*Asks:* 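Pasting in a structure now, in structure tokens, and then I'll have a few things to ask.
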Amino acid sequence: MNYKIVSDSSSNLWFVENADYTCVPLTIRTDEKEYVDNSELNVAGMVDELKTYKGKSGTACPSVGDWLTAFDGADRVFAVAITSGLSGSYNAACEAAKIYKDENPDKDVLVIDSLSAGPELALIIEKLQELIQQELSFETICTKITKYQRRIHLLFSLESVNNLARNGRVSPVVAKMVGLLGIRIVGKASDEGTLETLSKSRGEKNAIAKVWEYMKEMGFSGAKVRIAHCFNKEAAEALKEMILSAFPKSNIHICACTGLCSFYAEKGGLMIGFEHGTND
Ligand code: X90
């Protein structure tokens with residue numbers, strides 16, 4: 001029985017060590033160009049080009065066919081999608097799962113609505129890999145991963161929400177607020193998988209301090225943290241240090257946003273996925 005993990009590129013992960021894993025790209029589009037969010041994308045180049053681009057830009061989720069192709073050949077598939085509250089990716093994956101199961105009655109697919117983006121998907125993927133390695137049954141993994149989702153959260157700090165606002169993913173009121181110089185929005189993925197603003201902070205230092213405060217409030221006590229940044233490694237490192245000084249044993253990884261998350265989190269943005277509670 002072979003197991004496969006598939007996610008869309010909002011996970012910021014092209015490869016997962018020791019796992020059969022495929023990443024299905026979302027695309028970023030302008031009137032002139034299409035950027036496919038795969039490992040060949042020059043993210044820095046895209047961000048720079050978009051900075052001076054005056055026309056409309058947007059994104060598109062993977063098609064049913066893209067998901068279906070990624071499932072191909074696997075007996076048991078775990079498909080992890082960006083929140084259904086902001087994207088059609090989850091619906092496309094569900095549709096693909098239906099077709100895959102109709103065509104292959106002996107195969108099975110669990111489609112997971114992450115209700116989140118970026119590093120929270122990475123946490124789900126890592127947990128799936130762990131459970132697969134324990135050689136648990138498909139049903140057991142399904143139960144355990146659903147339970148795990150209640151233990152993980154996403155916070156973010158954004159310097160600009162222009163692209164989110166232009167594409168109708170946050171209200172214009174929120175967009176205006178961040179537009180003010182030096183103001184950052186700190187927020188979280190809501191239970192419905194949408195952006196929820198928690199506070200405004202002046203300057204990056206204050207924003208990071210706020211994130212850390214919310215992490216503790218939300219029950220962080222030294223477990224896993226995954227930070228994705230859009231050209232802001234310094235801030236990610238600063239947050240990491242802050243966490244480590246309180247919980248030296250925390251398991252913290254930092255990665256760069258790929259195309260989709262860079263488009264929406266924008267330069268300077270941080271996305272923080274973390275577990276509450278402890279492992280023991
Ligand atoms: O289907 C599509 O075209 C993709 C649309 C994606 C829209 C939002 C992506 C957000 C990425 C922003 C910060 C954290 C968001 C919290 C999610 C609940 C990054």
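Nothing here was measured: the structure is a model prediction, and the numbers come from that model. We're numbering straight along the sequence, starting at 1. Numbering of ligands and ligand atoms starts at 1, following listing order.
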*Asks:* Can you tell which part of A60 has a heavy atom less than 4.0 Å from ligand 1: side chain, backbone, both or neither?
*Replies:*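 The backbone, only.
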
*Asks:* Where is the nearest protein heavy atom to atom 8 (C) of ligand 1: which residue, which atom, and how far?
*Replies:*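 Residue, atom and distance for the closest contact: L86 CD1, 3.7 Å.
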
*Asks:* Just verifying a value: how many Å separate S9 OG and I28 CD1, rounded to the nearest 0.5 Å?
*Replies:*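 Separation between the atoms: 6.5 Å.
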
*Asks:* Can you confirm whether the side chains of N232 and E204 place a donor and an acceptor under 3.5 Å from each other?
*Replies:*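 There is such a pair between these side chains.
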
*Asks:* What I want to know is whether T194 and ligand 1 share at least one N or O pair that is separated by under 3.5 angstrom.
*Replies:*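 No, no N or O pair falls under 3.5 Å.
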
*Asks:* Mind running salt bridge (charged side-chain N to carboxylate O under 4.0 Å, His left out) on D72 and K4 for me, showing each step along the way?
*Replies:* CA-CA 10 Å; D72 200 37; K4 181 164 192 179; over 6 Å; no

*Asks:* Pull out every atom of ligand 1 sitting under 4.0 Å from any heavy atom of G193, numbered as shown with elements.
*Replies:*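 That gives atoms 18 (C) of ligand 1.
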
*Asks:* Is D102 salt-bridged to K107, going by a charged N under 4.0 Å from an acidic O?
*Replies:*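 Looking at K107 together with D102, the answer is no, because their closest N to O distance does not fall below 4.0 Å.
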
*Asks:* Test your reading of the model: is there a side-chain donor-acceptor pair from N251 to the backbone of K224, 3.5 Å cut-off?
*Replies:*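 Not a single qualifying donor-acceptor pair exists.
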
*Asks:* Among all protein heavy atoms in this structure, tell me which lies nearest to atom 1 (O) of ligand 1, with the distance rounded to 0.1 Å.
*Replies:*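 Going by distance alone, atom 1 (O) of ligand 1 is nearest to S87 OG, 2.7 Å.
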
*Asks:* Heavy-atom pairs closer than 4.0 Å: do any link ligand 1 to the side chain of L26, the backbone, both, or neither?
*Replies:*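 For L26, the contact with ligand 1 is made by the side chain alone.
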
*Asks:* Going by the angle between their ring planes, with limits at 30° and 60°, are F220 and F247 parallel, tilted or perpendicular?
*Replies:*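 It falls in the perpendicular class, over 60°.
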
*Asks:* Please list the nearest protein heavy atom to atom 19 (C) of ligand 1 with its residue and the distance rounded to 0.1 Å.
*Replies:*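 Nearest protein contact, heavy atoms only, for atom 19 (C) of ligand 1 is M271 CE, 3.6 Å.
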
*Asks:* I need the nearest protein heavy-atom contact for atom 16 (C) of ligand 1: residue, atom name and distance, please.
*Replies:*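 Looking at atom 16 (C) of ligand 1, the protein heavy atom closest to it is L154 CD2, 3.7 Å.
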
*Asks:* Output the list of atoms in ligand 1 that are nearer than 4.0 Å to some heavy atom of T59, sorted by atom number.
*Replies:*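 Result: 2 (C), 3 (O), 4 (C), 5 (C).
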
*Asks:* Picking from N163, T59, N162, what satisfies side-chain hydrogen bond (donor to acceptor under 3.5 Å, both in side chains) with Y264?
*Replies:*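 Per the side-chain hydrogen bond (donor to acceptor under 3.5 Å, both in side chains) rule, the option paired with Y264 is T59, out of N163, T59, N162.
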
*Asks:* Within a distance under 4.0 Å of any heavy atom of A189, pick out the atoms of ligand 1 and give their elements.
*Replies:*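 Numbered from 1, ligand 1 contributes 18 (C).
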
*Asks:* Regarding atom 13 (C) of ligand 1: of the candidates Y264, F156, F263, which has the closest heavy atom?
*Replies:*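 The nearest heavy atom belongs to F156.
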
*Asks:* So that I can tick it off, tell me whether R226 and E120 are bridged by a salt bridge, with the cut-off set at under 4.0 angstrom between side-chain N and carboxylate O.
*Replies:*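 Looking at E120 and R226, the cut-off is not met.
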
